[in-house]
Amino acid sequence: MLVPVTAQSQALAIDVRSLTRVFKDGPRAVDAINLQVRPGEIYGFLGPNGAGKSTTILMLTTLLPPTSGTALVAGYDIVQEGRHVRAAIGAALQEAGLDPLLSGRDHLRLQAALHSLPGKERAQRVDQLLEQFGLSEAAGRKVIGYSGGMKRRLDLAMSLIHRPRVLFLDEPTTGLDPQSRSAIWTEVRRLAREECVTVFLTTQYLEEADALSDRIGIIDHGKIVAEGTPESLKADIGRPSVEALAVDPEDSSALAEVLAQFGDEVPARSKGSIAVRLSNGTVDLAEIVRVIDAGGLRITALNLYAPTLDDVFLAKTGYSLEGSGGSAKDGTDGS
């Protein structure tokens, strides 16, 4: 059954309603989620391993049918109008589908042919993307000799060959060096701002989500547990955290008892340190110093941290996101 087309759904790049996927003899990998993404918006989709991120992307790109619920992508129903959805989207998923024995130019030519681009336009588009992604000099080389960053840039270029309206990026910079990651960030921003391409992004890096996303959705156990701009999500957590490191490791327990008077313990950023999220904000800082001093405890550092997306993620899921520097939730395939 087709999703009723409304003025609102026509104005949205992605419109998801009660989307659900249940695997046989397994859990509800995606549990009746709702989300809407506007044209030209970069939407960051975060979650622990096994939370439902990749399963959601597979459904939205028509590679996996939903058990129930509906979704429109680029105005088309993902079940009933899959061919139109695929024509309107680009996708660079976790595993790049590159042939090591083909050149970068060969890959783009093949992708252009699969999308039935006319011959003259095909050659121009291939040259344009090779230049745009810094691959012109390596265009004739076999992909087996490409670096990881070059392969990811080629994969992204292939996903854009037909000028899609919606682009799905599933952990596009995992394992890349900082320079390659920065190059992809720049291109993603340009696509959204200059070409009004809607970007649906999953990432392991909270810094990446914070830097790129206009809005963020956090999924855990198949449900959306938080959604908003990076700023609003951090403001919702609100309270800063304070971290202290005892000079004598044997004083750590006593230091933890002192800090526990001022807030709830949270994972520390530095090894051996004790950290709490302050119940009353920064107004308690002077009192913390006084109590530490009165207890005869010596510390090497006392650091105050504003709320971060990692704090948001931890508060909403109980875990730090893999790649953020904390310990990740156990999972099987990152779905």
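Here the structure is a predicted model, which means the values were calculated and not measured.
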**Item:** Ring-face cation contact, Y205 with R181, 6.0 Å cut, 45° max
**Value:**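 Relative to the ring axis of Y205, which defines the angle, R181 lies inside both limits.
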Taking [Y]'s backbone N and O only, do any of them form a donor-acceptor pair with [X]'s side chain (distance below 3.5 Å, no angle check)?
X: R21; Y: P65; result: yes
X: H107; Y: D99; result: yes
X: D284; Y: E287; result: no
X: E243; Y: R269; result: yes
X: T186; Y: S182; result: yes
X: T67; Y: V22; result: yes
X: S270; Y: S273; result: no
X: R152; Y: P172; result: yes
X: T229; Y: S232; result: yes
X: D177; Y: S180; result: yes

Heavy atoms, side chains only, cut-off 4.5 Å: are [X] and [Y] in contact?
X: V166; Y: L60; value: no
X: T173; Y: E208; value: yes
X: N34; Y: V16; value: no
X: I184; Y: L176; value: yes
X: L154; Y: L98; value: yes
X: T70; Y: S18; value: no
X: I288; Y: V258; value: no
X: L156; Y: F133; value: yes

Return yes when atom [atom1] of [X] has more than 12 non-hydrogen atoms of other residues, nucleotides or ligands closer than 6.0 Å, and no otherwise.
X: E207; atom1: CD; result: no
X: I144; atom1: CD1; result: no
X: E250; atom1: CD; result: no
X: R193; atom1: CZ; result: yes

Over all atoms of both residues, closest heavy-atom pair of [X] and [Y]:
X: K53; Y: P48; result: NZ-O, 3.3 Å
X: A268; Y: A275; result: CA-CB, 3.9 Å
X: L304; Y: P240; result: CD1-CB, 4.0 Å
X: S279; Y: G263; result: OG-CA, 3.4 Å
X: V30; Y: G52; result: CG2-O, 3.7 Å
X: V143; Y: S103; result: CG2-C, 4.1 Å

When clusters are formed by joining ILVMFWY residues with side-chain heavy atoms under 4.5 Å apart, either directly or through shared neighbours, do [X] and [Y] land in the same one?
X: L102; Y: L130; value: no
X: I274; Y: L302; value: yes
X: V79; Y: M59; value: yes
X: I161; Y: L191; value: yes
X: V266; Y: V276; value: no

Rounded distance [0.5 Å steps], [atom1] in [X] versus [atom2] in [Y]:
X: R86; Y: T62; atom1: CZ; atom2: OG1; answer: 4.0 Å
X: F23; Y: R28; atom1: CZ; atom2: CZ; answer: 12.5 Å
X: S241; Y: L259; atom1: OG; atom2: CG; answer: 11.0 Å
X: I42; Y: L169; atom1: CD1; atom2: CG; answer: 9.0 Å
X: L129; Y: Q124; atom1: CG; atom2: CD; answer: 12.0 Å
X: L117; Y: L108; atom1: CG; atom2: CG; answer: 11.0 Å

**Item:** Parallel, tilted or perpendicular, as decided by the 30° and 60° cut-offs, for the rings of H115 and H162
**Value:**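 It falls in the parallel class, under 30°.
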**Message:** Below 30° counts as parallel, above 60° as perpendicular, anything between as tilted: where do the rings of F200 and F168 land?
**Reply:**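 Correct class here is tilted.
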Using a strict cut-off of less than 4.0 Å between a Lys/Arg side-chain nitrogen and an Asp/Glu carboxylate oxygen, indicate whether [X] and [Y] qualify as a salt bridge.
X: D15; Y: R38; answer: no
X: K234; Y: D210; answer: yes
X: D264; Y: R277; answer: no
X: R125; Y: E121; answer: no
X: R165; Y: E195; answer: no
X: R290; Y: D293; answer: no

Does either side chain, that of [X] or that of [Y], offer a donor lying less than 3.5 Å from an acceptor on the other one?
X: Y43; Y: Q36; result: no
X: E131; Y: S136; result: yes
X: E41; Y: T198; result: no

**Message:** Between L46 and T202, does the side chain to side chain contact (heavy atoms under 4.5 Å, CB included) criterion hold? Intermediate values first, please.
**Reply:** CA-CA 6 Å; L46 307 179; T202 76; over 6 Å; no
**Asked** For I78 and L19, what are the C-alpha separation, side-chain angles and deciding distance, and is it a side chain to side chain contact (heavy atoms under 4.5 Å, CB included)?
**Response** CA-CA 11 Å; I78 61 171; L19 193 65; 4.2 Å; yes
**Prompt:** I33 and L35: side chain to side chain contact (heavy atoms under 4.5 Å, CB included), yes or no, with the steps?
**Reply:** CA-CA 7 Å; I33 66 170; L35 61 89; 4.2 Å; yes
**Message:** Run the side chain to side chain contact (heavy atoms under 4.5 Å, CB included) test on T56 and I219 for me, step by step, so that the C-alpha distance in whole Å, both residues' side-chain angles and the decisive distance to 0.1 Å come before the verdict.
**Reply:** CA-CA 10 Å; T56 299; I219 186 171; 4.2 Å; yes
